[in-house]
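Worksheet: one structure, shown below.
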Amino acid sequence: MSKLIPYDIKGSTEDELIKSLENPIIVFVGAGLSIPAPTCAPSWWTLTQELLDSFFAKVTQVKEIKEMGDLDFKINRQPEEIFENYSAILGNRFYEVFNVLQEGRPNMAHTALARLMKNKKIHSIITTNFDRFLEEALESEGVSYNLVVTNREFSDYKTSNFPENTLLKIHGTVERPDTIVSIASQYKTSKGFSIPKAEVFRYLLSKYECLFLGYSGWDYLHNNYRTFWEKSSPMIKGIMWNIRPGEKEGPPLKEIIPIDSFRFTTGELPITLIEIINKKGIDNKNLTSLDREESDKEFKHLTEKRKIWLDNWIEGMPLPYIYGLTLTDIQNYSKEWQNYLKDGWKETKQNVDLQMDYNQQITELMAKLTSGELQYAEYQKKITEIMAKKEKKVTPEEKRRKGVFNIRPVLKLLIESILNIEEEYFEEGIDALILSILYLSGKEILKETNKLLSDEDIKEIHTLIDNKIDDSSTMEEIDKIIRNQFDDILKRCSSLNCDKKVLAKLELGIAAIWMQLMKGKFGEENKAFTAEEADYLTYKFPLNVYKKIREIYNPIIEEINNFNSSYRQLIFSNLTQLAEAGDDLELAEYAVKSSLKETEGKVTEATLPPIPEALGGFYDRCKDWKNAIYWYDLALEGLLFVNIRANADKVTYRAMFCNEKLGNKKRALKIGLVYLSDYSGIELAFAPIHKKHARDMISRLSNELGYSSIEKAISDLVK
């Protein structure tokens with residue numbers, strides 16, 4: 001987090017804006033626009049806390065949950081990280097929660113902006129808000145406007161030559177839930193502008209002065225934003241950044257947006273906009289702001305109204321969902337676990353810094369050895385000295401497990417709620433259970449402390465794996481232990497004459513537990529790549545393990561057309577991971593191609609990793625560079641329109657590698673300059689091996705292709 005600095009106020013927004021409105025401007029608005037009464041919308045953080053308060057007020061009435069430990073149900077993560085869990089378990093039901101934002105009505109700031117657009121003073125409005133108050137104000141003022149929401153709509157807007165009277169919603173809109181950017185897996189790139197959004201905003205900044213209203217700018221501390229502004233700064237026409245009177249601190253925006261025509265101004269919403277309309281001689285009919293007493297009354301009324309709405313929404317949720325959300329999220333509110341994580345982050349940073357320093361020293365020594373500056377004996381001596389200093393800190397297992405809850409009591413509650421739920425909600429109960437298992441099976445914390453099974457069951461399974469892994473009967477013994485978890489539910493399925501789809505969902509839960517157990521056992525020990533070569537990452541299961549899990553998927557695949565699309569995408573993703581573990585190209589092709597068929601052959605927000613890059617990895621390992629490039633290209637193309645993947649640097653490097661193998665050096669270089677996180681500005685998970693190799697290749701190819709610098713290559717290849 002950058003240091004807070006005082007703002008340098010240049011003047012009032014009112015005075016500065018009156019000067020600027022001789023020509024149309026663009027306006028960028030954040031959540032602050034919807035806070036004044038009578039809208040009284042909550043901030044992102046306030047909404048999250050209100051949801052947590054309503055949710056945990058219900059679940060902590062349950063004895064087993066109340067006794068779990070020392071809990072603190074306050075926001076301890078970014079809101080989008082909290083919403084990630086809700087979205088995973090509730091599916092489309094989750095997006096209902098944003099309807100609570102419609103409890104208010106447009107305020108005079110919304111109306112004033114609509115009136116300014118009606119009078120040709122505003123060309124376009126860009127907003128991070130997904131409420132509909134701006135739309136309602138525009139419609140009320142009789143403004144005919146364009147609405148641009150998805151990445152493809154942003155591309156279409158660009159090709160339509162950027163028409164006026166446009167509302168561009170970069171985080172989606174509540175009336176189209178699938179567009180809402182509210183969860184962590186979407187947030188970094190979409191919030192930090194996907195490429196189509198960045199291109200549109202950059203063009204508008206070059207043509208029109210931009211007024212920022214109700215937006216804190218803290219997002220701009222992310223590297224992706226910094227890169228955006230670094231690229232955009234030379235062409236920006238001008239920025240006015242409105243802050244509230246008395247607000248003296250904020251992010252160092254003048255450092256991030258280094259242009260002479262950047263100025264901080266001050267004004268209170270909506271009063272400032274109303275005064276501008278008055279002074280510009282624009283019709284000011286019905287434009288009066290509420291006084292303090294009326295505003296306070298509205299805030300109190302709407303806060304209580306939201307609480308009632310959220311309480312009722314949660315009360316109407318089937319119990320299995322309540323327990324599923326508790327099961328998957330309760331760990332994060334353990335005070336002991338939170339303290340452990342704080343210590344862990346410090347240790348992780350120390351380890352990463354130590355490892356990077358170690359790698360740098362080794363690289364420098366190798367260069368000296370190669371150049372003859374260092375003799376081999378001296379080289380070996382220095383390597384030994386470095387190794388002696390390198391002490392990788394490992395958190396003791398007992399410390400790691402400290403504060404980790406045994407979630408089996410909640411799992412038991414979830415299963416009991418399914419056994420007792422009304423028949424009409426039974427399948428939804430199964431969904432809550434299976435989605436919870438799928439979510440938890442990917443969690444790092446459960447790799448060795450797998451609370452989806454009892455300690456006794458885990459011990460027995462590990463013994464079977466260690467002693468008789470090659471015995472086919474061992475697979476059946478393990479399968480029986482896992483299936484015992486579902487015995488009572490299977491009996492109720494039988495009594496209700498459940499169809500094959502419900503049974504297939506249970507099989508999906510069983511397969512997920514199998515995959516989790518086997519990944520924990522074999523995932524780290526059988527990586528089919530070497531760090532030095534930075535091959536495409538994969539891992540292998542013993543053949544009989546693979547065959548058993550593949551067998552479990554048979555009834556799931558038979559019923560797959562009866563699942564909804566989001567379920568199918570989950571299944572295709574899991575099958576692709578299984579195909580990697582079993583080195584099964586045929587299964588990988590089926591899963592990847594079936595997933596892409598759902599999205600008309602394109603990678604979209606619905607496409608889950610490792611699709612389609614895993615199929616590229618198969619061909620890559622077979623040295624079929626042409627086919628590998630096809631699937632890597634599809635993955636890279638998807639990066640333009642969907643949220644970036646944590647393995648994007650890996651795919652970028654492998655795509656470069658395969659292109660060079662086919663003699664396409666210029667294309668390999670261009671891929672690196674466009675997609676490597678160093679140049680795209682996208683924040684990614686730590687992937688030093690592939691990043692390092694990609695950097696080295698970019699440097700080498702730039703030289704080989706005759707460019708005097710990487711900047712020259714960018715200028716020539718990246719338009």
Side-chain angles (χ1 to χ4, degrees), residues 88 91 185 434-435 437-439 441-442 500-501 504-516 518-519 522-523 526 528 536-541 543 545-622 624 627-639 642-643 645-648 650-651 654-655:
S185 61
I434 301 309
L435 290 171
I437 289 172
L438 288 169
Y439 184 81
S441 64
K500 290 181 179 179
K501 180 178 72 170
K505 286 180 177 179
L506 288 169
E507 290 296 316
L508 186 57
I510 290 166
I513 295 174
W514 261 100
M515 284 291 289
Q516 181 201 20
M518 298 306 140
K519 276 185 180 180
F522 301 108
N526 289 271
Y536 186 86
L537 180 65
T538 190
Y539 50 87
K540 296 289 178 63
F541 290 169
L543 182 60
V545 170
Y546 168 73
K547 284 182 175 179
K548 181 60 192 176
I549 301 175
R550 178 66 182 82
E551 177 188 305
I552 295 169
Y553 269 104
N554 286 336
I556 301 169
I557 294 172
E558 287 175 10
E559 288 296 311
I560 200 162
N561 290 331
N562 293 322
F563 286 87
N564 66 37
S565 181
S566 59
Y567 246 122
R568 287 198 295 272
Q569 292 289 22
L570 271 170
I571 294 167
F572 294 139
S573 173
N574 291 350
L575 283 172
T576 305
Q577 294 174 56
L578 177 62
E580 288 188 295
D583 198 21
D584 188 336
L585 176 58
E586 183 179 352
L587 180 62
E589 288 185 325
Y590 161 76
V592 170
K593 291 177 181 178
S594 297
S595 172
L596 293 172
K597 188 177 180 181
E598 300 266 321
T599 54
E600 299 179 344
K602 300 290 185 181
V603 177
T604 73
E605 288 85 352
T607 311
L608 300 176
I611 296 169
E613 52 266 24
L615 198 48
F618 270 92
Y619 289 113
D620 191 347
R621 291 190 291 277
C622 296
D624 183 348
N627 272 316
I629 287 170
Y630 174 83
W631 294 104
Y632 286 151
D633 279 355
L634 198 59
L636 292 173
E637 180 188 337
L639 300 182
V642 301
N643 310 297
R645 311 293 184 88
N647 62 357
K650 298 175 187 175
V651 176
R654 295 311 303 174

Roughly how far apart are [X] [atom1] and [Y] [atom2], rounded to 0.5 Å?
{"X": "Leu587", "Y": "Phe572", "atom1": "CG", "atom2": "CZ", "result": "11.0 Å"}
{"X": "Ile611", "Y": "Thr576", "atom1": "CD1", "atom2": "OG1", "result": "3.5 Å"}
{"X": "Leu636", "Y": "Tyr632", "atom1": "CG", "atom2": "OH", "result": "10.0 Å"}
{"X": "Ile434", "Y": "Ser441", "atom1": "CD1", "atom2": "OG", "result": "10.5 Å"}
{"X": "Arg550", "Y": "Asp584", "atom1": "CZ", "atom2": "CG", "result": "7.0 Å"}

Exercise. With a 4.0 Å cut-off, would you call Glu559 and Lys505 a salt bridge?
Worked result: no

Exercise. Arg568 and Glu598: salt bridge (Lys or Arg N to Asp or Glu O under 4.0 Å), yes or no, with the steps?
Worked result: CA-CA 9 Å; Arg568 287 198 295 272; Glu598 300 266 321; 2.7 Å; yes

Is there side-chain contact between [X] and [Y], with heavy atoms separated by less than 4.5 Å?
{"X": "Lys547", "Y": "Phe541", "value": "no"}
{"X": "Trp514", "Y": "Leu578", "value": "no"}
{"X": "Leu435", "Y": "Tyr439", "value": "no"}

For this session: Please name the pair of heavy atoms, one in Glu613 and one in Ala635, separated by the smallest distance, quoted to 0.1 Å.
Result: OE1-CB, 3.8 Å

Problem set entry | Heavy-atom closest contact (Leu575 atom, Ala591 atom, distance) | CB-CB, 3.8 Å

For this session: Indicate whether any N or O donor in one side chain lies under 3.5 Å from an N or O acceptor in the other, for Gln569 and Ser595.
Result: yes

Exercise. Does NZ or CZ of Arg621 fall inside the cone over Tyr619's six-membered ring, less than 6.0 Å from its centre and within 45° of the axis?
Worked result: no

